[in-house]
Every structure is written in structure tokens, then in C-alpha cells.
Asks: 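Please see the structure below; I have some questions.
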Amino acid sequence: MTEHKVLVVDNSPVILKIVSKALEDAGCSVQTAADGLEALDMLMEFPPDIIFTDLVMPKIDGAKLCHIVRNTPGYEHIFLVVLSGIALEDDMNVLELGADICIAKGPGATMKKHILAALERFESGLRGSTHIEGLQGLYPREVTSELLVNKRHNEVIFERMTEGAFELDGFGRIVRANPVCCRLFDSSEAEILGSRLVDLLPEDHHLDFFTWIDNLASTRTNTPLVFDYSDPVFLGTQQVTFTLVPIYEEEQLSVIGIMKDVTDRKRMDAHKARLEKELQRISKLDAMATMAGGIAHDFNNLLTIINGNVEMAKILSLDEKVNQLLSETGKALQLTTGLIRRFSTFSDNYLPSKSLVCVDELLSGLLENELGDSDVEVQLTSDGKVSYVDLDVDLMIQVFQNIILNAVEAMQGKGQLSVELAEINGREEAENTGQPIADGKFIRIRITDSGCGMDEARLEHIFDAYFSTKQKGIQKGMGLGLTIAHAIVKKHGGLLRIDSRPDSGCTATIYLPVGRGAQRCVGGEAGNERLRVLIMDDDEIMRKIFNGMFEECNCDVTTVDCGEEVVREFDDQLTAGRPYDLVLLDLQVDKGLDGLGAAKAIAGRSPATMLVAMSEDAGHEVMHDPQTFYCTTAVEKPFSIDTVKTLLNDYARANTQ
């Protein structure tokens with residue numbers, strides 16, 4: 001008989017002796033191991049042809065050993081023989097282990113006969129087992145069956161835990177691991193079992209683990225090792241908490257470990273922190289907005305008086321030195337007036353005067369004007385889509401100019417400035433960046449410079465009013481540039497964010513919503529879009545007044561005198577593919593269908609259409625709760641052209657969400 005290399009694994013010295021003797025008498029070279037972990041250590045030094053293994057063993061048991069052998073490249077050829085004392089009570093599970101032969105432990109002579117038969121089967125090349133050898137003359141033991149039921153119950157709990165769970169021996173090697181543990185370590189069970197835990201941890205946690213495990217061996221303390229939520233372990237992109245608890249059984253040390261994936265919670269907390277910072281910033285801006293309207297009005301009145309007196313004094317004064325001082329005062333007044341105008345953009349009453357603009361063309365022209373004769377190398381790239389956005393040109397130029405000026409100063413007048421435009425999905429961008437971006441389509445404008453950058457401490461205050469890294473004074477600005485830029489972008493339903501690191505430049509990213517108007521004009525002429533307005537009022541004079549107001553605001557207007565005509569006209573235009581954008585409905589008419597009846601008749605037929613209730617009676621129930629009565633909003637008659645502009649802005653905002 002050819003000498004075969006055989007590894008016998010059993011925690012019973014008696015069984016090891018019986019099996020080893022039978023194999024050695026048959027001419028085999030035999031090595032023994034007391035458990036599955038010891039067997040794994042021997043596989044490299046003593047690669048066996050055959051493994052005889054018990055099932056119930058400490059550390060790594062026989063079932064796990066079979067699993068590792070069958071799932072590890074290079075070990076597939078090993079002939080597996082399960083030699084079990086629970087084969088009779090657990091026959092179905094034993095046969096599922098992937099062994100080539102299963103032998104029940106019994107009398108020595110019977111076991112020897114089946115061991116020799118296993119060798120013959122190995123030499124014949126037969127693999128796989130469908131029954132258990134050596135069951136004759138054996139009887140099931142009730143106690144063993146009960147213990148197996150309890151063991152399987154514990155295994156099910158261990159396998160189905162929602163946290164990662166594992167067990168280490170006294171040397172820090174993994175002897176048990178559940179599926180969640182394997183997933184968090186991104187390894188299979190066959191790869192993990194027998195590995196040192198420290199080899200799976202990031203290097204910056206090695207010292208903590210070695211210090212702790214060495215201390216356990218010398219002091220036998222019960223102090224756990226914890227990497228908690230404030231200091232999680234990074235396993236790839238995952239953040240994981242660890243709790244390692246020592247267990248002492250007689251002289252043996254083992255460790256139970258629990259892992260919990262806190263990646264999503266950390267991401268949510270980071271997102272929440274960003275939102276809280278954004279809310280704090282918005283609260284500051286809102287506080288400024290509350291003051292802005294009144295301050296701007298009061299200051300302008302005072303500045304008008306001061307400026308008038310200065311101009312009169314210059315005319316009356318014959319003293320050259322006095323006139324020079326008055327001229328300097330006049331310059332300061334002009335700067336102050338400009339600052340007040342900029343400050344007024346914070347006011348809630350200040351509404352952007354929007355028109356449809358091609359952002360590509362706007363930026364291209366602006367970059368040429370601002371940097372055409374400079375030493376800054378400019379690169380403007382686009383994803384190829386036509387980037388039309390409803391915006392206030394003057395305000396957005398102010399935003400772009402401020403960002404470009406900051407970039408040029410950061411580069412000390414020489415460097416590279418890249419501007420990238422792309423159409424993005426708001427929800428996907430929010431998931432990728434963690435920024436509070438609404439759903440819908442947005443134009444993303446990313447402006448990156450090659451300047452000195454800034455640290456995180458300065459970046460935290462970048463949008464704070466009067467925070468500036470520049471010298472304060474008339475010549476160098478007042479620290480309101482980015483604060484105002486943030487407010488302007490917010491008024492456009494967008495978002496402005498700044499990213500930077502020291503010596504790595506700075507990136508300003510602006511998100512502006514793409515509205516229905518922008519989508520209509522793709523490939524067409526920008527700025528020619530006129531909203532279509534249908535007005536129902538039984539007073540002819542009011543119809544003429546309203547018609548004039550809306551036409552003044554660049555709208556195409558149709559007027560009718562009763563609800564029946566509203567419904568007819570609305571349906572005709574909807575069928576023709578030319579739905580109205582706004583429909584204004586008088587709630588109180590002398591005859592025919594009133595505004596409420598008309599709203600009920602046409603509501604929902606064109607979801608984008610804005611229905612507006614009108615009434616002289618501010619106490620009318622529809623005026624207090626228009627949404628309940630099929631309308632989007634309500635206005636009290638008579639109203640001014642400012643109210644018309646507000647309605648048009650509300651419509652624009654609603655269709656850029």
C-alpha cells in the first residue's frame with residue numbers, strides 16, 4: 001500500500017491513539033491535532049492526502065473544518081473522513097458536511113474496519129458519501145439528542161444576529177464568526193477562521209489590541225476593549241464599532257466580540273450636522289433679512305439728505321482743501337449707497353427679476369470681460385447640454401464676479417481657473433455629496449482655482465457676514481461678498497457651497513434649478529417665453545386693469561366674464577396643446593358659474609397650471625384656505641402690479657422645484 005499522509009483531528013487522546021495506530025499499521029504517515037484551529041495550522045507544514053476529523057471539538061469544530069477545506073483553493077483534493085460520536089443522533093446534518101465518508105464512533109475493532117475501508121475507498125478514487133458507516137449495534141442517546149437540539153438552537157441565534165459576532169482564542173485568533181462578521185470584514189468564513197483579528201484591523205488599531213490582549217494574559221482582568229461610536233474602526237468604507245469581552249473558563253482565555261456597522265448612522269449624523277450648520281447660516285441670513293428692508297429704506301433717506309448737503313456744500317465752498325474733503329466724502333457716500341443696495345438683497349421683499357438665460361453664454365462673456373487681459377488661464381467646459389435657467393442676470397453676475405474675484409486674489413493674479421457646467425439630478429447629487437439639494441434637475445456650476453486654499457476653521461465661517469481674510473476698509477471690501485452670494489443663490493432656489501484645503505485651491509459649487517421654462521426653450525431662443533394668463537371677472541373695468549398689469553409683466557392675457565367661459569376657454573386651449581400657466585378666478589359674480597365652481601371644474605386637468613382665487617372679501621373662506629378649494633393661492637382685490645409680480649415669481653418658483 002502506498003504511504004499516504006493523514007491528519008487526524010480529535011480532542012479525545014484515546015480516539016487519536018486508536019485511529020493513528022490503525023492508520024500507521026496500514027503504512028500511513030500520521031499527524032494529529034486536538035482541534036480544528038490546530039489542524040489549520042498544520043495544513044501548510046503537513047499537507048495531507050486524507051483528514052479524519054471529529055465533529056464536536058473546542059475552538060474550530062469539525063463541521064467548520066470541513067467547510068474550510070472544501071472552500072479553500074488548494075485543499076479541494078483532500079479526502080475528508082468524518083469520525084463522529086453523534087452520527088446516529090445527527091445523521092442528516094453529518095451527511096451535509098461534504099465529507100467523502102462518514103463513520104460513527106463505536107467499538108475499536110469496528111472503527112478500525114471502517115477506517116481501512118475508507119483508505120481503500122480513497123485509493124479507488126471514489127468520492128462523496130450518502131450514508132454513515134458503523135451504525136450497526138448503536139442506539140440513539142436521548143441526552144445527546146437534547147444537547148444537539150440546544151446546540152443547533154444556539155447556532156441559529158449566532159448565525160442570525162444582526163450584529164457581527166465572533167470568538168477569539170487566547171492568542172487573538174478567530175475561531176467562530178457569523179455571516180454579518182464575514183460581511184463586515186469582506187471575507188468568507190473559510191478565509192476568516194483561524195486568522196488573527198489584528199491582521200483584519202487597520203494598522204492604527206494594532207497597538208490598542210496588542211496592549212489589551214497582553215494585559216489579559218498577564219493580569220486576567222475582565223476589562224473589555226471598546227472602539228465605540230466616537231472612535232469607530234474603518235473597514236474599507238464602513239465604520240464599525242467593536243466590543244471585545246474576555247471570558248475565562250478554567251485556565252483557558254477566550255474573547256467574545258460584537259461588531260456593529262454604524263456607517264449609515266455616521267453618514268446621517270454628518271448630514272444632520274451639515275443641515276444644522278446650514279440652518280444656523282440661514283437663521284443668520286433671515287435675521288439680516290428682517291432688518292434689511294427697514295435699514296435700507298431708513299439709510300437711503302438719510303444718505304439722500306447727506307449726499308444733497310455735500311453736493312450743495314461743494315458748490316458753495318470756495319476753499320480748495322474743503323472741496324477735496326467733500327469729494328472724498330462723496331466717494332465714501334457712493335460706496336455706502338452701493339453697500340446698502342447690496343444689503344437690500346437680503347430683504348424678504350426683494351424678489352429676483354428673472355428671465356430665461358443661457359448660463360454657458362453668460363459665464364463665457366463674463367470670464368472674457370473679467371479675465372481676458374489677465375495672467376489667469378481659464379478653462380470653461382460643459383456636458384454639452386444647453387444650460388438655460390430662470391435667473392436674475394444682474395444678481396447672478398454679482399455672485400459670479402465675487403467668486404472669480406476671490407479666486408484671482410487667492411492666486412495672486414496668476415494661475416488656473418476651471419469652470420465646469422453639468423446638468424445633474426438633485427436627489428442623486430444629495431446622496432453623493434450629503435448636501436441639502438432638493439429633487440429635480442439642476443445646473444451645477446463648479447468654479448475651481450489653483451490658489452492657496454484655506455483650512456477648515458476658516459471654511460466654517462466663509463458665509464458669515466463681515467468675516468473676511470482681506471484687509472477691511474474701503475479699498476478691500478467689507479466681508480459681505482459671499483454672504484450676499486449665498487443669499488442670492490438661495491433666492492433662486494439653489495445652493496452655494498465652498499470646498500477647500502490648504503495649498504489645494506478652492507472650489508465653489510453653485511446649484512441652480514432647471515425649471516419648466518428652461519426645458520421649453522432647449523434649442524430655441526432664450527428670453528422669448530411669455531406666460532399665458534386667463535382672467536375671469538364680471539367687472540369690465542377690473543378686467544381691463546388686470547389685463548394691463550399682466551401685459552406690462554410680459555404675459556399673454558385672455559379675459560372672460562363668467563365661470564362657464566373660463567371652463568370652455570381652458571379646455572379649448574388645453575386640447576390645442578397650449579395650456580394656460582395662470583388662471584385668476586373671481587369668487588363673487590352676479591350671474592353664472594362663480595370662481596369656486598370654475599376652479600372645481602378645471603382643477604387637476606393641467607397640474608402645472610396655477611389657479612388663483614380673487615375676492616374683495618378678505619374674510620371669504622377660500623381666501624383663508626385656497627388649497628382646500630382647488631386653488632393654489634388667493635389675492636385680495638384690488639391689487640397692485642407688485643402683487644402681479646409676486647404671483648409670477650411664485651409661479652416661477654413652483655415650476656423650478
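Numbering starts at 1 and runs along the sequence shown.
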Asks: Determine whether Lys105 and Ile18 make a side-chain contact, defined as any pair of heavy atoms from C-beta on separated by less than 4.5 Å.
Replies: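 Contact flag for Lys105/Ile18 side chains = no.
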
Asks: Check the pair Val82 / Cys66 against side-chain contact (heavy atoms from CB on, under 4.5 Å), numbers first and verdict last.
Replies: CA-CA 9 Å; Val82 170; Cys66 291; 4.0 Å; yes

Asks: Got a donor-acceptor contact below 3.5 angstrom from the Thr507 side chain to the Ile447 backbone?
Replies: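 Checked: no pair found.
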
Asks: With rounding to the nearest 0.5 Å, note down the distance linking NE2 in His67 to CG in Asp61.
Replies: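 His67 atom NE2 to Asp61 atom CG measures 11.5 Å (nearest 0.5 Å).
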
Asks: Are the side chain of Thr53 and the backbone of Gly62 linked by a donor-acceptor contact shorter than 3.5 Å?
Replies: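 Not confirmed, Thr53 side chain does not pair with Gly62 backbone.
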
Asks: Out of curiosity, Leu65 CG to Ile60 CD1, how far, rounded to the nearest 0.5 Å?
Replies: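 Taking CG in Leu65 and CD1 in Ile60, the distance rounds to 7.5 Å.
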
Asks: Are the side chains of Gln379 and Gln416 in touch, meaning some heavy atoms are under 4.5 Å apart?
Replies: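 Contact flag for Gln379/Gln416 side chains = no.
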
Asks: Enter the distance from Met161:CE to Lys260:NZ here, rounded to the nearest 0.5 Å.
Replies: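 Output value for this atom pair is 11.0 Å.
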
Asks: Within this structure, what is the CG-CZ distance for the pair Leu421 and Arg446, rounded to the nearest 0.5 Å?
Replies: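 Output value for this atom pair is 11.0 Å.
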
Asks: Look at the aromatic rings of Tyr511 and Phe442 and report parallel, tilted or perpendicular, splitting at 30° and 60°.
Replies: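 Plane angle over 60°, so perpendicular.
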
Asks: Would the number of heavy atoms belonging to other residues, nucleotides or ligands and lying under 6.0 Å from CG of Asp186 be above 12?
Replies: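 It does not: Asp186 CG has 12 such atoms or fewer within range.
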
Asks: Is Glu38 salt-bridged to Lys59, cutoff N-O under 4.0 Å?
Replies: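 Looking at Lys59 together with Glu38, the answer is no, because their closest N to O distance does not fall below 4.0 Å.
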
Asks: Do the side chains of Cys506 and Ile498 get nearer than 4.5 Å, heavy atoms only?
Replies: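 Heavy-atom side-chain distance check passes, below 4.5 Å.
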
Asks: Spell out, as yes or no, whether a donor-acceptor pair under 3.5 Å connects the side chain of Asp228 to the backbone of Asp231.
Replies: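 Checking the backbone N and O of Asp231 against the side chain of Asp228, a donor-acceptor pair under 3.5 Å is found.
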
Asks: For Gly194, is there any backbone N or O sitting under 3.5 Å from a side-chain donor or acceptor partner on Arg173?
Replies: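 Yes, because the side chain of Arg173 sits within donor-acceptor range (under 3.5 Å) of the backbone of Gly194.
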
Asks: Is it true that, when you exclude Arg220 itself, more than 12 heavy atoms of the residues, nucleotides or ligands shown sit nearer than 6.0 Å to its CZ?
Replies: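 Correct, the count exceeds 12.
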
Asks: Please round to the nearest 0.5 Å and tell me the distance separating atom CZ of Phe242 and atom CG of Leu201.
Replies: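 Reported to 0.5 Å precision, the distance equals 5.5 Å.
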
Asks: Using a cut-off of 6.0 Å, state whether more than 12 heavy atoms not belonging to Arg501 lie near its atom CZ.
Replies: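 No, CZ of Arg501 has 12 or fewer neighbouring heavy atoms, counting only those of other groups under 6.0 Å.
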
Asks: Please check: side-chain N/O of Thr223 versus main-chain N/O of Thr221, any donor-acceptor pairing under 3.5 Å?
Replies: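 Answer holds: no.
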
Asks: What's the shortest heavy-atom distance between Asn222 and Tyr248, and which atoms?
Replies: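 Scanning both residues completely, I find the closest heavy atoms to be OD1-CE1, 3.4 Å.
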
Asks: Testing the basics here: between Ala22 and Leu116, what is the closest heavy-atom pair and its distance to 0.1 Å?
Replies: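 Scanning both residues, the minimum pair turns out to be O-CD2, 4.3 Å.
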
Asks: Counting only heavy atoms not in Phe171, do more than 12 sit closer than 6.0 Å to its CZ atom?
Replies: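 No, not enclosed.
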
Asks: Quick one: does any side-chain atom of Glu76 pair with a main-chain N or O of Gly74 as donor and acceptor, under 3.5 Å?
Replies: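 Flag set: sc Glu76 to bb Gly74 pair under 3.5 Å.
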
Asks: Return the minimal non-hydrogen interatomic distance between Ala177 and Phe158, and the atom names on each side.
Replies: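 Heavy atoms of Ala177 and Phe158 come nearest at C-CE2, 3.7 Å.
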
Asks: Quick one: does any side-chain atom of His492 pair with a main-chain N or O of Ile488 as donor and acceptor, under 3.5 Å?
Replies: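 Side chain of His492 to backbone of Ile488, a donor-acceptor pair under 3.5 Å: yes, one is there.
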
Asks: Minimum heavy-atom separation for Arg458 to Gly453, with atom names?
Replies: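 Looking at all heavy atoms of both residues, the closest pair is NH1-O, 4.4 Å.
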
Asks: Decide yes or no on side-chain contact (heavy atoms from CB on, under 4.5 Å) for Val419 and Ile445, but give the supporting numbers first.
Replies: CA-CA 7 Å; Val419 182; Ile445 306 157; 4.3 Å; yes

Asks: Are side-chain heavy atoms of Lys112 and Lys21 found at a separation under 4.5 Å?
Replies: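 A side-chain contact under 4.5 Å is absent here.
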
Asks: Given side chains that start at C-beta, do those of Thr241 and Phe227 come closer than 4.5 Å, heavy atoms only?
Replies: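 Of all side-chain heavy-atom pairs linking Phe227 with Thr241, none is under 4.5 Å.
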
Asks: Are more than 12 heavy atoms, taken from residues, nucleotides or ligands other than Lys266, located less than 6.0 Å from that residue's NZ atom?
Replies: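 Enclosed: over 12 neighbouring heavy atoms sit under 6.0 Å from NZ of Lys266.
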
Asks: Spell out, as yes or no, whether a donor-acceptor pair under 3.5 Å connects the side chain of Asp100 to the backbone of Leu80.
Replies: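 Indeed, once roles are kept as given, a pair shorter than 3.5 Å links the two residues.
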
Asks: Would you mind reporting whether Met259 and Leu235 have side-chain heavy atoms less than 4.5 Å apart?
Replies: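 In contact.
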
Asks: Nearest 0.5 angstrom please: His114 NE2 to Leu83 CG, how far?
Replies: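 Reported value, rounded in 0.5 Å steps: 10.5 Å.
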
Asks: Before giving the answer on side-chain contact (heavy atoms from CB on, under 4.5 Å), spell out for Val6 and Ile50 the whole-Å C-alpha distance, their side-chain angles and the decisive distance to 0.1 Å.
Replies: CA-CA 5 Å; Val6 183; Ile50 308 172; 4.2 Å; yes

Asks: Give the intermediate values and the outcome of side chain to side chain donor-acceptor pair (under 3.5 Å) for residues Ser12 and Asp10.
Replies: CA-CA 5 Å; Ser12 168; Asp10 201 303; 4.6 Å; no

Asks: Spell out, as yes or no, whether a donor-acceptor pair under 3.5 Å connects the side chain of Glu423 to the backbone of Lys441.
Replies: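 No, Glu423 side chain to Lys441 backbone: no donor-acceptor pair under 3.5 Å.
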
Asks: Work out which heavy atom in Ile51 is nearest to a heavy atom in Pro48; give both atom names and the distance.
Replies: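 What the structure gives for the nearest pair is CG1-CG, 3.8 Å.
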
Asks: Is any side-chain heavy atom of Arg267 closer than 4.5 Å to one of His271?
Replies: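 No, every pair of side-chain atoms sits at 4.5 Å or beyond.
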
Asks: Below 4.5 Å, heavy atoms only, C-beta onward: do Ile192 and Phe166 meet side chain to side chain?
Replies: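 Side-chain contact under 4.5 Å: no.
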
Asks: Would you call the rings of Trp212 and Phe209 parallel, tilted or perpendicular, where under 30° means parallel and over 60° means perpendicular?
Replies: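 The rings of Trp212 and Phe209 sit tilted, inter-plane angle from 30° to 60°.
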
Asks: Where do Gly170 and Ile213 come nearest, in terms of heavy atoms and distance?
Replies: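 So the two residues come closest at O-CG1, 4.0 Å.
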
Asks: Keeping the roles fixed (side chain from Gln627, backbone from Thr632), state whether a donor-acceptor pair exists under 3.5 Å.
Replies: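 Yes, the answer is positive, given that a donor and an acceptor are paired below the 3.5 Å cut-off.
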
Asks: Applying side-chain contact (heavy atoms from CB on, under 4.5 Å), run through Leu197 and Leu244 and close with a yes or a no.
Replies: CA-CA 11 Å; Leu197 175 64; Leu244 305 177; 4.0 Å; yes

